[in-house]
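These notes concern the structure reproduced below.
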Amino acid sequence: MKVFKFGGASVSTAERIQHVRSILEQYKQEQLLIVISAMGKTTNALEQVVEAFFAGRKDDALQLFAEIKHAHLQVRQQLMDEQHVDPVSLNDFFTEAEWLLHDHPVRDYDYYYDQIVCLGELLSTAIVSNYFNHCGIPNVWIDVRDIIRTDDNFRDAIIDWDYTSAKVNEEIKPLLEQKKIVLTQGFIGATAANESTTLGREGSDYTAAVFANLLDAESQTIWKDVQGVMNADPKHYKAATFISKLNYREVIEMAYYGAQVIHPKTIKPLENKNIPLFVRSFIDPQEPGTCIHNKNTEHLPPIIVYKYNQVLVQLNSKDFSFVGEGLTARLYEMFETLKFKPNLTQNAAISLMVVVDEHPEKVDQLAHAASEAFGVTIQRALTLLTIRHYNQNLLDELCRDCEIILKQQTPETIQVLMKKADNEN
Ligand code: ASP
Ligand code: MG
């Protein structure tokens with residue numbers, strides 16, 4: 001069997017959903033599980049709803065939600081006549097959300113985030129499943145929250161593999177054996193108490209990989225609006241080139257350094273079962289795309305990753321004593337508490353430098369907490385450039401006209417923190 005994942009861009013409009021339908025025409029006879037994201041930028045729009053709700057701006061929250069609701073109803077209307085519409089599905093989700101938004105927040109932000117943001121995938125899959133059933137791609141819609149069990153670490157929930165695996169065997173396998181196409185949501189799950197959870201932004205690649213692993217899929221395909229994996233983001237590097245073959249390790253490294261190719265958790269479940277991952281274009285479905293597998297790949301081009309909006313936090317020992325292990329350990333505890341991940345760290349004799357994403361609140365909290373033990377200086381609006389398989393020419397080219405603040409290198413990878421003349425944030 002195969003697992004397909006269609007991202008938000010592939011279902012952002014009625015035309016695109018129709019196009020996905022035409023791609024599926026040729027896979028109708030296969031055993032197929034399809035994971036679909038929220039439509040277009042719905043997740044971002046729902047984040048705005050959560051923000052308004054949590055800040056006590058109930059009317060704004062309801063208004064913003066009404067816009068999302070309207071957009072979905074409009075797409076559905078473009079896809080189907082009234083008589084083909086399954087009346088129950090969307091209304092239940094709308095009502096659920098509106099109820100919640102009429103309340104006052106009493107629990108923490110992340111909890112509400114997950115209860116509201118999960119609606120994006122529920123709405124998109126309900127519409128797409130309804131439409132496919134109506135136009136010749138019979139499928140069974142599954143609420144993935146009944147299958148994927150997680151802990152209650154809202155917004156970054158961890159999957160309970162034992163429970164999930166049992167559910168997949170009980171509920172999903174029989175459907176596939178009956179040759180039914182299963183259509184479900186990525187990115188979301190539920191706790192034992194039936195509260196909705198999410199797996200981290202862009203998490204539906206990961207959901208698809210979880211299913212691929214548990215179903216021993218022959219392959220997983222991520223359908224995107226790009227040709228496949230590129231060696232750089234073409235928006236930031238004009239000479240970006242397409243890569244036809246990559247191995248799991250390289251993709252993990254790329255994701256680790258911030259390339260927005262594939263959700264970093266996606267690879268492990270596939271690697272464990274040696275399942276190839278294809279990244280293909282839904283715009284040019286006849287193209288083979290990138291194949292990611294376990295074999296060694298030679299002659300990779302340099303891989304370039306930019307992270308903009310970086311902050312350098314420099315911690316200096318107050319009494320000029322060495323920054324000992326105790327202090328470093330304390331710093332890592334602070335990161336742990338703040339759920340904040342350093343992108344680069346460098347130790348010197350009496351100072352310690354950390355590069356982090358610009359999260360004004362967290363940077364402030366970190367600076368405040370660290371100021372008890374260190375003198376703290378902060379430098380903002382920096383760019384972190386990472387090049388794997390680098391060469392000097394490329395490095396010179398990419399660092400031209402930039403002020404270099406910090407450099408770290410291994411034989412494989414170089415990272416440069418710099419102030420760009422034209423900081424593209
Ligand atoms: N809809 C979610 C997001 O935009 C998850 C995903 O698309 O993978 O982050
Ligand atoms: Mg997405």
Side-chain angles (χ1 to χ4, degrees), residues 3-13 16-17 20 33-51 64-65 67-69 71-72 75 90 93 97 109-110 112-129 141-145 147-148 150 153-159 183-190 196-213 220-226 229 233 251 254-255 258-270 277-282 292 339 357 359:
V3 174
F4 280 0
K5 181 256 175 172
F6 287 95
S10 63
V11 291
S12 59
T13 61
R16 288 213 160 164
I17 296 170
V20 170
L33 180 134
I34 307 173
V35 168
I36 296 185
S37 295
M39 284 169 45
K41 300 274 176 237
T42 307
T43 305
N44 294 353
L46 285 164
E47 285 182 338
Q48 303 287 315
V49 175
V50 185
E51 234 158 77
L64 289 164
F65 186 70
E67 285 163 23
I68 295 170
K69 180 171 164 178
H72 282 82
V75 169
L90 294 196
F93 298 134
Y109 184 88
D110 291 354
Y112 289 109
Y113 181 100
D114 284 2
Q115 309 319 301
I116 294 169
V117 166
C118 71
L119 277 160
E121 339 293 292
L122 291 163
L123 295 173
S124 72
T125 53
I127 293 173
V128 173
S129 167
W141 181 87
I142 294 283
D143 186 334
V144 87
R145 296 174 300 176
I147 310 288
I148 300 223
T150 72
N153 187 19
F154 296 105
R155 290 185 75 177
D156 196 16
I158 308 281
I159 293 182
L183 194 149
T184 194
Q185 308 80 41
F187 173 59
I188 67 177
S196 300
T197 51
T198 64
L199 308 175
R201 286 300 307 262
E202 303 300 332
S204 35
D205 293 347
Y206 176 49
T207 306
V210 171
F211 278 116
N213 175 296
Q220 170 175 335
T221 304
I222 297 180
W223 296 89
K224 286 171 93 89
D225 54 359
V226 290
V229 179
D233 184 337
V251 175
M254 286 169 82
Q260 289 178 337
V261 264
I262 290 155
H263 189 284
K265 281 184 181 170
T266 310
I267 298 298
K268 205 68 201 140
L270 299 176
L277 171 63
F278 297 97
V279 181
R280 295 178 62 180
S281 161
F282 63 80
I292 299 159
K339 287 194 191 169
D357 291 335
H359 252 294

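Numbering of ligands and ligand atoms starts at 1, following listing order. FYI, the numbering just counts along the sequence from 1.
- Under a 4.0 Å criterion applied to the non-hydrogen atoms of Ser37, ligand 1 contributes the atoms 6 (C), 7 (O), 8 (O).
- Residue Phe187 has at least one heavy-atom neighbour below 4.0 Å for each of these atoms of ligand 1: 2 (C), 5 (C).
- Short contacts between ligand 1 and Thr43, defined as distances under 4.0 Å to a heavy atom of the residue, involve ligand atoms 1 (N), 2 (C), 3 (C), 4 (O).
- In this structure, Gly203 counts as a contact residue of ligand 1, since one of its heavy atoms falls inside 4.0 Å of the ligand.
- Interface of Arg201 with ligand 1, defined as ligand atoms under 4.0 Å from a residue heavy atom, comprises 3 (C), 4 (O), 9 (O).
- Atom OG of Ser196 and atom CG of Leu119 lie 7.5 Å apart (nearest 0.5 Å).
- The shortest N or O to N or O distance between Glu202 and ligand 1 is below 3.5 Å.
- None of Asp114, Thr43, Asp110 except one satisfies the side-chain hydrogen bond (donor to acceptor under 3.5 Å, both in side chains) rule with Thr198; the exception is Asp114.
- The contact set between ligand 1 and Ser204, taken as ligand atoms under 4.0 Å from a residue heavy atom, comprises 5 (C), 6 (C), 7 (O), 8 (O).
- A heavy-atom separation below 4.0 Å is found between Glu121 and ligand 1.
- Summarising the local packing, NZ of Lys268 is surrounded by more than 12 heavy atoms from other residues, nucleotides or ligands at distances under 6.0 Å.
- No hydrogens or angles considered: nothing links the side chains of Thr184 and Trp141 as a donor-acceptor pair under 3.5 Å.
- Put simply, the side chain of Val210 does not reach to within 4.5 Å of the side chain of Thr207, judged on heavy atoms.
- Ring geometry for Phe6 versus Phe4: interplanar angle over 60°, hence perpendicular rather than tilted (30 to 60°).
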